[in-house]
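What follows is a set of notes on a single structure, which appears directly below.
Per chain, numbering begins at 1; letters A, B, ... match sequence-line order.
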2 protein chains.
Amino acid sequence: MGTKERRVREVAGREHLFLDAARDLIRQDGLLNLQMARIAEKCDYAVGTLYQHFASKEDLLVALSADNSQHRVDLFRRVGEWKAGTRDRMVGIAVADLMFVKLYPEHFRLAQLAFTEVVWKAASPERRRMALEAGEPLGQICDNIVEEAVRCGDLRLKGMTPQEVGLGPWALTIGTHTIVHVDGVLEQGDIGDPYRLMTRHLHYLLNGLDWQPLFDPSDEAALDRMIKGICTEVFNDIVCQ
Amino acid sequence: MGTKERRVREVAGREHLFLDAARDLIRQDGLLNLQMARIAEKCDYAVGTLYQHFASKEDLLVALSADNSQHRVDLFRRVGEWKAGTRDRMVGIAVADLMFVKLYPEHFRLAQLAFTEVVWKAASPERRRMALEAGEPLGQICDNIVEEAVRCGDLRLKGMTPQEVGLGPWALTIGTHTIVHVDGVLEQGDIGDPYRLMTRHLHYLLNGLDWQPLFDPSDEAALDRMIKGICTEVFNDIVCQ
DNA sequence: GGCGGATTTTGAACTAGATTCAAATTTTGA
DNA sequence: TCAAAATTTGAATCTAGTTCAAAATCCGCC
């Protein structure tokens, strides 16, 4: 017995095989040149087999994006479980993202494409559902931090829901990713490390929300100390900087 | 004489004809189903003629996005020239964007696609340059507001460049657009009008930056009054709400 | 007006690459 | 060992973007 299960495992394993191959090919030749036939070939399978797993190329792209975000969730979770003040943890989320970008530099370009109407709508409904589910914990973790902040008196909601409070930092982060990944946009300005700057703006936003304890991010040394501190405390085992 | 010029004008006109047709088709059948042959057909031209204007489909998409952003610039410019305090004008920029989304609901979906690596890199370099140029005034106008705020004492840069200050609100805005336009993401949360919320977060951010005069956005009535006020003062002639 | 070269337009033909599906192969259970 | 079921295969199909040689039009000149 169990041969049925073994088969299921084999098939699931192959799904990852395909996704990894796709990731490699993207790294190698760029998103632009990703071809279904090449993915199959690289794995020594026929294209038909690839299509047994993914209903279409778009389906595969969404799957790949969802798969990546598993790693993002892992980083977020560390921050969620970090024993620290709520404000530090909120900033920690941003640092986690910063970390994530460093570890998976191609992810946001892919995600940007995957969530594009053209790709998103062409993926299968199940795949879309899975991709949304894969991202859900991210919001969950943020919400938890906001809720705890309210409970322990670091923050007052002032008529917003926790989700609504979270949307501010969230939008700031997403927006920064978007700006960073569209090349040409940042070049025309006079801007240093955009992610460091994002952290700074996040602090301004949190100050504006009166999230205790207030922090002065114009103190560059203190800001750096804080980021570095989060890196060593939470992401100790991962290369930092 | 002048017949050469007339020809140039005709060709330029045709470019708009094509872009308008593309816009129509997108509105009608969705970005997903946009086909070059259809665009040409709709304008009673052969595909070859269409390709005389746009090097590729991607080229056309980027051109369309750039063309749209002309309208966005127009709205921003109004805010830039508005006789009001610098803080009100900064918020006005966000309201302008809010306005723009209402007037051109398809724009951000298109822009999201156009700035995607796959499309962006496949467009011609000139087109990319033009698209960046078309967007430049947006940043310019923001920078001006920041600079004026510094001059008149409403704001202190605290070691940032004006661009760096502007990047915060900018990222917040872009991020909100991105979140709003990926369907399925917002549904799972418990969030009201996301753009109204964005305005609120923008105020928190500006408060955090200590941009004078401070404003309490948790006073919902005052927030609404402010948004409404900007609409009537700056966008008087455009339908509001 | 009519002529000849230059320019523009045309759309059928070409192409790349995603997708399909009937045949071949492998697995399963008796 | 065998046949039905499930899986894999990859050549064939299909779709839509792109090209380019021929046709049409424009232009200056006689």
May I have the distance from [X] (atom [atom1]) to [N] (atom [atom2]), rounded to whole angstrom?
X: Phe54(B); N: dA16(D); atom1: CZ; atom2: P; answer: 21 Å
X: Asp44(A); N: dT7(D); atom1: CG; atom2: P; answer: 21 Å
X: Lys57(B); N: dA16(D); atom1: NZ; atom2: P; answer: 9 Å
X: Asp59(B); N: dT18(D); atom1: CG; atom2: C1'; answer: 13 Å
X: Glu41(B); N: dG11(C); atom1: CD; atom2: P; answer: 11 Å
X: Leu25(B); N: dG17(D); atom1: CG; atom2: P; answer: 12 Å
X: Glu58(A); N: dG17(C); atom1: CD; atom2: C1'; answer: 12 Å
X: Tyr45(B); N: dG11(C); atom1: OH; atom2: P; answer: 12 Å

[X] side chain to [Y] main-chain N or O, any donor-acceptor pair under 3.5 Å?
X: Arg72(B); Y: Asp97(B); value: no
X: Arg128(A); Y: Ala123(A); value: yes
X: Lys57(A); Y: Leu34(A); value: yes

Polar atoms only, N or O, under 3.5 Å: list the protein pairs with nucleotides 12-15 of chain D and their distances.
none

Practice item. Look at all strands and tell whether Ile39(A) reaches a base, only sugar-phosphate, or nothing, counting heavy atoms closer than 4.0 Å. Key: nothing
Exercise for review: Check every strand shown and say whether Leu50(B) touches a base, only sugar-phosphate, or nothing at a heavy-atom separation below 4.0 Å.
Suggested key: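 Here Leu50(B) touches no strand at all.
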Side chain of [X] (C-beta onward), nearest among [options]:
X: Val47(B); options: dG11(C), dT9(C), dT9(D); answer: dG11(C)
X: Ser56(A); options: dT9(C), dT19(C), dT8(D); answer: dT19(C)
X: Gln52(B); options: dT20(C), dT9(C), dT19(D); answer: dT9(C)
X: Met36(B); options: dT19(C), dG17(D), dT9(D); answer: dG17(D)
X: Tyr51(B); options: dT9(C), dA18(C), dG17(D); answer: dG17(D)

**Study point:** Short side-chain N/O contact to dT8(D) OP1/OP2 from Arg14(A), under 4.0 Å
**Key:**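 True: Arg14(A) side-chain N/O within range (under 4.0 Å) of dT8(D) OP1/OP2.
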Practice item. Identify whether the distance between the nearest side-chain nitrogen and carboxylate oxygen of Arg127(A) and Glu15(A) falls below 4.0 Å. Key: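 Counted as a salt bridge, because a side-chain N and a carboxylate O are separated by less than 4.0 Å.
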Practice item. Identify whether the distance between the nearest side-chain nitrogen and carboxylate oxygen of Arg129(B) and Glu133(B) falls below 4.0 Å. Key: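 Yes.
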Review point. Between His177(A) and Phe108(A), how do the two ring planes meet: parallel, tilted or perpendicular, split at 30° and 60°?
Key: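 Taking Phe108(A) first and then His177(A), their aromatic rings lie parallel (interplane angle under 30°).
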Review point. For dG10(D), which nucleotide is its Watson-Crick or G-U wobble mate, given both distances must be under 3.5 Å?
Key: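 Per the H-bond distance test, dC21(C).
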Check your understanding: How would you list all residue pairs meeting salt bridge (charged side-chain N to carboxylate O under 4.0 Å, His left out) that involve residues 61-70 of chain A, not counting sequence neighbours?
Key -> Arg23(A)-Asp67(A)
